[in-house]
Amino acid sequence: MNIQLKFNASAHSSDELVILPSFSKGKGDKATLVDSDWTKELRSTFKTIKSASTFKGAKGSSFQFTTTEGLSVLIIGLGEKSDYDYEALRRATAGIVKKISGSNEKASIMIDGFVVKNKIEESMQAFAEAFYMTTYNFDKYLSKKNKPKLKNLFVESSQKTSALKKAQIAFDNGQKVAECVNVGRDFVNEPPNVLNSVTYAKEIEKDVKANLKGVKVKILGKAELKKEKMNMFLSVNNGSAHDARLVHLEYTPKKATKKTKHIALVGKGLTFDTGGYSLKPGGSMMNMKFDMAGSATVYAAFRAAVLLGLDVKVSCFLGMTDNAVNEHATMPDSIVTARNGKTVEILNTDAEGRLVLGDVLSYASDLKPDAIIDAATLTGACLVALGTEVCAVLGNDKKLTDSLLSAAKETDEYMWPLPIIEEWRDDMKGSMSDLKNIGGSSFGGTAKAAAFLENFVGEGVSWAHLDIAGVGDSQKHLPYCPSKGASGIIVRSLVRFLANQK
Ligand code: BES
Ligand code: ZN
Ligand code: ZN
């Protein structure tokens with residue numbers, strides 16, 4: 001879809017759809033329509049339409065009509081003005097995209113009335129994010145593609161040129177973030193017969209070379225991982241037809257000084273999780289191509305930090321392998337020595353993400369960053385604790401988890417903290433080895449996994465862990481996410497977190 005955006009567009013043509021906001025005041029039968037953003041002419045035309053009398057600007061509602069001059073007008077209901085916020089704007093934008101992309105070639109949106117609390121820049125960023133996140137679809141394997149009709153969208157405003165210049169920049173930033181969300185979604189949706197550790201690493205390198213100027217790329221293969229003594233990570237790769245990869249990316253901002261913060265992002269990149277010898281049942285194995293969503297999420301956030309030129313140094317580590325079974329696959333009861341020297345008894349080969357992440361966290365810790373944040377589809381228990389809509393955050397530094405929670409709040413993504421308690425740390429201790437990769441019971445599974453990971457974070461390093469097992473996929477309740485497939489949720493929280501590191 002080729003969307004053109006123009007501020008202050010001129011007169012409307014008759015083949016164009018004009019989109020306007022409306023609000024409502026009061027509830028139920030007493031609700032009245034608030035049409036303060038309309039022209040006098042429009043208001044009087046609207047009054048002459050009989051069926052229009054029931055339209056009260058309720059949230060999620062819309063009303064379309066044609067004026068006597070032949071102009072098509074779409075009124076979007078935004079509900080009570082006092083409840084209207086950036087998330088309401090994002091959801092309304094998604095609703096508009098879905099409504100018009102199949103029916104009109106040209107449309108103009110009168111943006112001023114959609115602006116949240118006079119904050120034009122923030123509103124334009126939210127609008128662009130939602131717009132491009134909604135137009136995403138993964139149709140490369142469909143013989144019949146559903147081509148949208150919409151070609152041109154004009155964004156009209158009567159604000160001063162200086163304000164519009166800033167609005168344009170904010171819009172472009174929102175578009176960049178959404179583009180990165182969509183790049184991440186593409187990686188997650190790619191099937192496992194196409195995307196494996198080797199092809200995934202190659203594709204990331206290709207994308208970095210093509211789009212991220214100045215970013216350093218280092219790819220560690222099996223031999224390098226052996227040299228690094230990443231035996232936990234390698235134990236997961238034992239049963240695979242594809243060699244493991246650790247992708248290490250580095251972005252240093254142009255104006256970096258000694259004071260510039262350094263954040264390390266770590267992502268679980270399991271291109272498929274069969275469970276290994278502790279094989280998943282068929283139903284649970286389905287969709288396990290999304291077990292690399294953590295790596296796609298941190299890569300998308302890293303990519304956005306580079307494109308936005310954020311003033312923070314970011315290192316990104318993507319641990320890639322699948323968890324498969326062949327005659328070399330790791331057997332339960334195996335004891336391996338991790339990169340940091342700790343011994344781990346692998347009692348369940350399906351608890352593989354923590355084995356990969358543990359060694360990568362140890363590797364990332366060597367750089368002594370100001371903080372490490374990992375993202376992973378780590379536990380089914382996360383869905384039991386927080387549903388499919390909320391991301392769990394855990395860690396060893398409350399200031400860090402609090403700043404992630406703030407970033408999530410600022411971007412309207414759901415994130416909630418879980419504790420790591422001494423009893424769960426004890427539960428992960430082994431009798432024949434320092435640690436076991438599963439706890440004694442499955443209760444508290446998300447936090448026990450985090451209690452395991454904590455052992456591999458370097459001394460004195462701040463660390464936070466995001467379990468995205470629930471939010472990584474199919475966010476049906478979010479109109480700017482596809483109802484099926486990769487969601488791209490948490491990328492915006494991470495980008496905001498990185499932007500806040502000044
Ligand atoms: N990739 C899964 C976690 C997962 C499960 C994500 C369902 C999304 C939906 C992970 O590798 C796994 O299998 N974890 C096990 C851990 C258990 C064996 C301690 C789980 O959650 O069942
Ligand atoms: Zn698993
Ligand atoms: Zn997994």
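Everything numeric in this text was worked out from a predicted model, so none of it was measured. Start at 1 and go down the list; that is how both ligands and their atoms are numbered. One is the number of the first residue; the rest follow in order along the sequence.
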| field | Shortest-distance N/O/S atom, Asp291 versus the Zn ion (ligand 3) | value | OD2
| query | Is the closest heavy atom of Lys448 to ligand 1 under 4.0 Å? | reply | no
| Value rounded to 0.5 Å, distance of OG in Ser483 from NE2 in His477 | 12.0 Å
| message | Quiz question: by atom type and distance under 3.5 Å, do the side chains of Asn137 and Asn146 form a donor-acceptor pair? | response | no
| Heavy-atom protein neighbour under 4.0 angstrom from atom 11 (O) of ligand 1 | yes
| Residue portion contacting ligand 1 (non-hydrogen atoms closer than 4.0 Å) for Met292 | neither
| Polar side chain donor-acceptor pair, Thr274 to Asn323, under 3.5 angstrom | no
| task | List every atom of ligand 1 that sits less than 4.0 Å from any heavy atom of Phe290, numbering the atoms from 1 in the order shown and giving each element. | result | 8 (C)
| query | Do NZ/NE/NH1/NH2 and the carboxylate oxygens of Glu224 and Lys227 come within less than 4.0 Å? | reply | no
| remark: So the atoms of ligand 1 within less than 4.0 Å of a heavy atom of Ile438 turn out to be 19 (C)
| said: Checking a contact table here: which protein heavy atom is nearest atom 6 (C) of ligand 1, and how many Å away? | reply: Ala469 CB, 3.7 Å
| Where is the nearest protein heavy atom to atom 15 (C) of ligand 1: which residue, which atom, and how far? | Asp350 O, 4.1 Å
| request: Determine the interplanar angle of the His465 and Trp463 rings, folded into 0 to 90°, and report it as parallel if under 30°, tilted if 30 to 60°, perpendicular if over 60°. | output: parallel
| message | Within the 4.0 Å heavy-atom shell around Asp273, which atoms of ligand 1 are there? | response | 1 (N), 2 (C), 10 (C), 11 (O), 13 (O)
| said: Taking the basic N atoms (NZ, or NE/NH1/NH2) and the acidic carboxylate oxygens, is any pair closer than 4.0 Å for Glu250 and Lys218? | reply: no
| message | Evaluate Gly380 for polar contact with ligand 1, using N/O atom pairs at a separation under 3.5 Å. | response | yes
| query | If we ignore angles and hydrogens, is there a donor and acceptor under 3.5 Å between the side chains of Gln501 and Asp370? | reply | no
| said: Whether the Arg339 and Ser362 side chains hold a donor-acceptor pair (N or O, under 3.5 Å, no angle test) is what I'd like checked. | reply: yes
| task | Mark up the atoms of ligand 1 that fall under 4.0 Å of a heavy atom belonging to Asp291, in ascending order. | result | 1 (N)
| request: Quick one: report the N, O or S atom of Glu352 that is nearest to the Zn ion (ligand 2). | output: OE1
| query | Any chance the side chains of Ser315 and His248 put a donor and an acceptor closer than 3.5 Å? | reply | no
| query | Relative to the heavy atoms of Lys280, which atoms of ligand 1 are at a distance of less than 4.0 Å? | reply | 2 (C), 12 (C), 13 (O)
| So, Thr337 and Asn231: side-chain donor and acceptor under 3.5 Å apart, yes or no? | no
| So, for Phe114 and Phe127, is the gap between ring centers shorter than 6.0 Å? | no
| Just how far is it from atom CZ of Phe290 to atom OG1 of Thr377, taken to the nearest 0.5 Å? | 5.0 Å
| query | For ligand 1, which atoms, with element, lie under 4.0 Å from some heavy atom of Thr377? | reply | 1 (N), 2 (C), 3 (C), 6 (C)
| message | So for ligand 1, is Arg354 a polar contact partner (N or O within less than 3.5 Å, distance only)? | response | no
| request: Ignoring angles and geometry beyond distance, decide whether Thr379 reaches within less than 3.5 Å of ligand 1 through its nitrogen or oxygen atoms. | output: no
| Between Asn348 and ligand 1, is there a nitrogen or oxygen pair with a distance under 3.5 Å? | no
| query | Is any N, O or S atom of Asp273 under 2.8 Å away from the Zn ion (ligand 3)? | reply | yes
| query | How close does the nearest protein non-hydrogen atom get to atom 9 (C) of ligand 1, and which residue and atom is it? | reply | Met288 CE, 3.7 Å
| request: Find all atoms of ligand 1 within a distance of less than 4.0 Å from any non-hydrogen atom belonging to Lys268, and give their numbers and elements. | output: 1 (N), 10 (C), 11 (O)
| Between Ser462 and Asp397, does any side-chain donor sit less than 3.5 Å from a side-chain acceptor? | yes
| message | Check Lys268 with Asp374, please: is the shortest side-chain N to carboxylate O separation under 4.0 Å? | response | no
| Part of Leu378 within contact of ligand 1 (heavy atoms, under 4.0 Å) | backbone
| said: Under 4.0 Å from a heavy atom of Glu352: which atoms of ligand 1 are those, numbered in the order shown and with their elements? | reply: 11 (O)
| Would you say Ala351 reaches the Zn ion (ligand 3) with an N/O/S atom under 2.8 Å? | no
